[in-house]
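Below: one structure, written as structure tokens.
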Amino acid sequence: MQRRHFLSLGAATGLAGMSVFGAFGTRASSAAAGTFEVTRSKAEWKAMLTPLQYKVMREEGTERAGSSPLDKNYAAGTYHCRGCDLALYPSETKYDSTTGWPSFYQSLPNAIGTKEDRKLFAVRTEVHCRRCGSHLGHVFNDGPAPTGKRHCLNGVSLVFKAA
């Protein structure tokens, strides 16, 4: 394919100005933009996180479905942000969505932030820790009552603390 044709194809599909990686969702940009209470340098984040945790939490990646032991954890307790230890989700709102990722129908008050995510040719709602901006996952409108929401999260972004 000639470069000019490829560029015009990108413009026609709304991909102009995006990197090929960003457009196809294989390499995300960065954790939620904004000012957060907890901040660290890139080197500090890399020193405290495994490569997979860094990819998910700071580059908005996704862990492989079914890879997190937290998906099948239903013990009483609270799920905290791995990046700053903020309490995010109570175990009472966790349920088995059969997606392979830990899922919740509601977060704790003032625990998360959201932003529009236009990667993968669709508009989704990205969810991040409101205190450090670490990427947690996405929120979908196919969850159970009482909220109808499914907070589909990456287990590597979370730390479970038993009650």
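Computed from a predicted structure; not experimentally measured. We number each residue from 1, following the sequence as shown.
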Passes side-chain contact (heavy atoms from CB on, under 4.5 Å), F140 versus S103? Steps please. CA-CA 10 Å; F140 301 96; S103 297; over 6 Å; no
Evaluate the criterion side-chain contact (heavy atoms from CB on, under 4.5 Å) for residue pair T99 and R150; output intermediate values, then yes/no. CA-CA 10 Å; T99 61; R150 173 172 51 99; 3.6 Å; yes
Would Q53 and M48 count as a side-chain contact (heavy atoms from CB on, under 4.5 Å) if you check the C-alpha gap in whole Å, the side-chain angles of each, and the deciding distance to 0.1 Å? CA-CA 9 Å; Q53 291 165 349; M48 72 176 277; over 6 Å; no
For K55 and E63: C-alpha separation, side-chain torsions, deciding distance, then whether salt bridge (charged side-chain N to carboxylate O under 4.0 Å, His left out) applies. CA-CA 9 Å; K55 177 185 174 196; E63 69 188 356; over 6 Å; no
Check the pair S134, H128 against side-chain contact (heavy atoms from CB on, under 4.5 Å), reporting the backbone distance first and the verdict last. CA-CA 5 Å; S134 290; H128 58 268; over 6 Å; no
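F160 and L136 end up in the same hydrophobic cluster when Ile, Leu, Val, Met, Phe, Trp and Tyr side chains are linked at under 4.5 Å. The hydrophobic cluster containing L70 also contains I112, counting ILVMFWY residues as joined when their side-chain heavy atoms lie under 4.5 angstrom apart, directly or transitively. Linking Ile, Leu, Val, Met, Phe, Trp and Tyr residues whenever their side-chain heavy atoms come within less than 4.5 Å leaves W101 and L153 in two separate clusters.
In this structure, E44 CD and L49 CG are separated by 11.5 Å, a value rounded to the nearest 0.5 Å. Note that the OG atom of S107 and the NE2 atom of H151 stand 5.5 Å from one another [nearest 0.5 Å]. To the nearest 0.5 Å, atom CZ of residue R64 and atom CG of residue N154 are 12.5 Å apart. Rounding to the nearest 0.5 Å places OH of Y89 at 8.0 Å from CG of L158.
Across every non-hydrogen atom of R131 and F36, the tightest pair is O-CB, 3.0 Å. Across G143 and Y95, no two heavy atoms sit closer than the pair CA-OH, 3.6 Å. The two residues A111 and L88 make their nearest non-hydrogen contact at O-CD2, 3.5 Å. The two residues M57 and G83 come nearest to each other via the heavy atoms CE-N, 3.4 Å. Listed here is the closest heavy atom pair of L86 and C129: CD2-SG, 3.9 Å.
A salt bridge links R130 to E37: one of the charged nitrogens lies within less than 4.0 Å of a carboxylate oxygen.
One N or O on the side chain of R82 and one on the backbone of V156 form a donor-acceptor pair closer than 3.5 Å. In this structure a side-chain-to-backbone donor-acceptor pair under 3.5 Å is missing from R58 to K46.
A search for side chain to side chain donor-acceptor pair (under 3.5 Å) contacts involving E92 returns nothing, not counting sequence neighbours. Every residue meeting the side chain to side chain contact (heavy atoms under 4.5 Å, CB included) condition with T147, not counting sequence neighbours, appears here in chain and number order: Y105, Q106, K149. Contacts of H80 classified as ring-ring contact (aromatic ring centres under 6.0 Å, His included), with partners at least two apart in sequence or in another chain: none. Checked against salt bridge (Lys or Arg N to Asp or Glu O under 4.0 Å), E116 has the following partners two or more places apart in sequence or in another chain: R118. Under the salt bridge (Lys or Arg N to Asp or Glu O under 4.0 Å) criterion, K161 pairs with D85, not counting sequence neighbours.
Contacts classified as side chain to side chain donor-acceptor pair (under 3.5 Å) and involving residues 65-74 (residues at least two apart or in different chains) are given here: N73-Y79.
The side-chain heavy atoms of P90 and L108, taken from C-beta on, include a pair separated by under 4.5 Å. For the pair P102 and K94, the minimum side-chain heavy-atom distance is below 4.5 Å.
Below 30°, between 30° and 60°, or above 60°: for H138 and H135 the angle between ring planes is above 60°, a perpendicular geometry.
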